[in-house]
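Computed from heavy atoms alone, side chains included, the values below leave out hydrogens, waters and symmetry copies. Naming convention: chains lettered A, B, ... in sequence-line order (proteins, then strands); numbering from 1 in each chain.
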Amino acid sequence: MANTSDTILTVENMSVEFPTLSGVTTAVRDVSFTVGREKVGIIGESGSGKSTTGRAIMRLQPPQAIVKANRMQFEDVDLMTASEEEMRSIRGRRIAMILQDPKYSLNPVMTVGEQISETVILHERVTQQEARNRTLAMLERVNIRDPERVFDLYPHEVSGGMGQRIMISMMLIAQPSLIIADEPTSALDVTVRQQVLSILDDLVVERNIGLIFISHDLNLVRSFCDRVIIMYAGRVVETIAAADLDQAQHPYTRGLLNALPSLDRPKDRLEVLRRDPAWLEN
Amino acid sequence: MTIIKAQHLAVSYGHGETALKVVKDVSFEVQKGETFGLVGESGCGKSTILGALAGRNKQWTGSIEIDGETIGQKRTRTQLAKQQLVFQDPFGSIHPRHTIGRTLLEPLEIHGKDRRQERIEKVLTDVGLPLNFRYRYPHQLSGGQRQRVAIARALILEPKILLLDEPTSALDVSIQAEILNLLKDLREREKLTYILVSHDLAVVAHLCDRVAIMQSGGFVEIATRQQLLENTVQHPYTRVLMDGSRGYVATTRQGHSQLRSQSPVTV
């Protein structure tokens, strides 16, 4: 069933609109991109539409939202026409999502182990025992030292870093071919962040899958991802290889880079981003 | 001139057997006009130090001297007005149902200041907000504007010291740049002394002259701005934090365990 071609996801001219009392708000406008077996970063400020883009791919937008696109193709599935039933078999199993704060995205009244095994039991109809074994193996894979003990813990009993590793193991147990990580490390301390990212990095390489990494942290995306998509006010303003980010052309990207305090290039005053209305016109 | 002098400062929460010592014996001095940074991970005690300096947390031992006066557990209004706090989250730290004008009026009423309207207008101008913002509610303001209000509220009592608790970590990069520039301008114009708590060493190096790196309630090192920029810091934990602010460092499994053994074990 797995498609071996290099492009996992193709999105062409996708827009997401929210009808409101005072007219239609366009959160995402004519966004096009592809994701292969690589780490793609989506960068933008609050309200730029980066999370909305991630959710629209999973078809997890709020019911009133209208998603339009010329094409949204995930492997052999047309995401535009897939039924809700088909989507249920894709979500979690073939496209997985990691959210920002494990405190809010894990079920507080289920043990960690039950939550992880639920994914395999639902999608692959394996026995309880096998699900348990696979869960333990997965917990070990994300560097959790005592999986037997952690299996029976509730989410409030684990730390933030461990919670995020649990989320990752939950996402990866069903062997998805695309992961959408929405600010997966923003709630974590730097040393813990480093550990969580290197686990994610290893897994993406090891399983040869695609990763969409949504973040507002330029330095992080630049050093972690292969390619970067920069979004501004619902539009993609620039797509660039992460290594070439310093040579970015668009004034918005340049403005963001210059606004960032840096240990390596200290300056007395930080440049303040001047927003040009012309950026909204293309 | 030394404006803040803390010696053997220890702060705890709770009483009796359940008491938890959060800050364990730290000593530092801050000069007038200097910006002193406190960095470290969540739970290391950096905000607790600010709380003790501000007079929010009274359960401390050791000695604190502010502006030449030895501070006790009880302080006078004048002593309390000398240092003011700015909090991290501009969405949670401003009363949602008070207008900005009322929010700014409150410290003046508590401290019984005169010329209230004049002071409010001056402080709004100082932080770069239009005067008619006093009639607005917080939900009508953006995150950056709200943080300006929080800074205005701290400045309205004309303090000598601003205690900044992660003032930009809830803001976008472009807005962070505006606020950092504003803080730099205010420091020069009003001759202020700052203590800045942050987890981002790049922000700290931008604003601070010296920085204390904290881990589990103690200082591991006090580094100068020069040391940070020239990468000549002493302690491996400081280096871990510096790498963190540069982004992700690709590690093999081996490098990974190296990183772990480098950082001293937290209790």
Side-chain angles (χ1 to χ4, degrees), chain A residues 39 41 43-48 143 159-161 185-202 205-206 213 215-225 232 242 245 252-253 255-275, chain B residues 39-44 142-144 168-185 198-208 215 225-231 233 237 240-253 255-257 259-260 262-263 266:
Chain A
K39 290 170 282 180
I43 259 200
E45 298 186 276
S46 9
S48 61
N143 295 1
S159 66
T185 57
S186 308
L188 306 177
D189 278 320
V190 280
T191 48
V192 183
R193 179 176 87 185
Q194 182 72 33
Q195 291 169 16
V196 168
L197 287 178
S198 79
I199 291 167
L200 203 54
D201 195 11
D202 286 348
V205 174
E206 185 182 298
F213 189 88
S215 176
H216 65 277
D217 189 332
L218 278 159
N219 280 333
L220 191 61
V221 169
R222 164 159 47 183
S223 48
F224 184 70
C225 297
Y232 175 72
L245 196 62
Y252 176 67
T253 319
L256 277 188
L257 286 169
N258 290 334
L260 209 62
S262 155
L263 281 171
D264 305 309
R265 270 160 300 166
K267 22 185 175 203
D268 187 43
R269 287 188 71 80
L270 296 169
E271 210 168 291
V272 173
L273 186 72
R274 276 179 225 294
R275 288 158 211 274
Chain B
V39 249
E41 303 195 3
S42 351
C44 73
S142 69
T168 61
S169 44
L171 306 174
D172 277 322
V173 224
S174 58
I175 310 299
Q176 166 172 284
E178 286 178 23
I179 297 293
L180 290 178
N181 284 341
L182 171 71
L183 288 171
K184 254 194 171 169
D185 292 343
S198 179
H199 65 275
D200 186 348
L201 268 171
V203 169
V204 166
H206 179 72
L207 214 57
C208 297
Q215 197 174 30
R225 179 165 190 268
Q226 207 61 27
Q227 275 177 297
L228 288 181
L229 297 179
E230 286 168 4
N231 209 354
V233 292
Y237 181 65
V240 170
L241 291 182
M242 287 179 70
D243 289 341
S245 92
R246 289 202 173 91
Y248 171 70
V249 190
T251 43
T252 56
R253 285 286 170 87
H256 193 128
S257 54
L259 176 83
R260 219 179 267 156
Q262 257 178 19
S263 55
T266 38

Student: Quick check for you: among A:N219, A:V190, A:T185, which has the greatest number of heavy-atom pairs under 4.5 Å with chain B?
Tutor: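 The option with the most such pairs is A:N219.
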Student: Top residue by heavy-atom pair count (under 4.5 Å) with chain B, among A:L263, A:L273, A:V272?
Tutor: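 Max contact count across the listed options: A:L263.
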Student: Kindly compute the distance separating NZ (B:K184) from CG (A:D268), expressed to the nearest 0.5 Å.
Tutor: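 The NZ atom of B:K184 sits 4.0 Å away from the CG atom of A:D268.
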Student: For A:R222, is it the side chain, the backbone, both, or neither that has a heavy atom closer than 4.5 Å to a heavy atom of chain B?
Tutor: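 Neither part.
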Student: Locate the shortest heavy-atom distance separating B:L228 from B:A205; write the atom from each residue and the value.
Tutor: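 In terms of heavy atoms, the two residues are closest at CD1-CB, 4.0 Å.
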Student: Does any heavy atom of chain B fall under 4.5 Å from the side chain of A:D217, the backbone, both, or neither of them?
Tutor: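 For A:D217, there is no contact with chain B at all, as no heavy atom is under 4.5 Å.
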Student: When you measure from the side chain of A:K267 to the backbone of A:N258, do you find a donor-acceptor pair of N or O atoms at a distance under 3.5 Å?
Tutor: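 Pair found, side chain donor or acceptor close to backbone of A:N258.
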Student: Please flag which part of B:L180 lies under 4.5 Å from any non-hydrogen atom of chain A: side chain, backbone, both or neither.
Tutor: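 Side chain only.
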Student: Taking B:H199, B:R246, B:E178, B:E230 one by one, which has the highest count of heavy-atom pairs under 4.5 Å against chain A?
Tutor: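 Top count of heavy-atom pairs under 4.5 Å with chain A: B:R246.
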Student: Nearest 0.5 angstrom please: B:I175 CD1 to B:S142 OG, how far?
Tutor: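 Rounded to the nearest 0.5 Å, the CD1-OG separation comes out at 6.0 Å.
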Student: If you round to the nearest 0.5 Å, how far is NE2 of A:H216 from OG of A:S46?
Tutor: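 Reported value, rounded in 0.5 Å steps: 8.5 Å.
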Student: Any chance you could measure B:H206, atom NE2, to B:N181, atom CG, to the nearest 0.5 Å?
Tutor: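 These two atoms lie 5.5 Å from each other.
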Student: Check whether A:R275 gets within reach of chain B through its side chain, its backbone, both or neither, counting any heavy atom under 4.5 Å.
Tutor: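 For A:R275, the side chain is the part near chain B, not the backbone.
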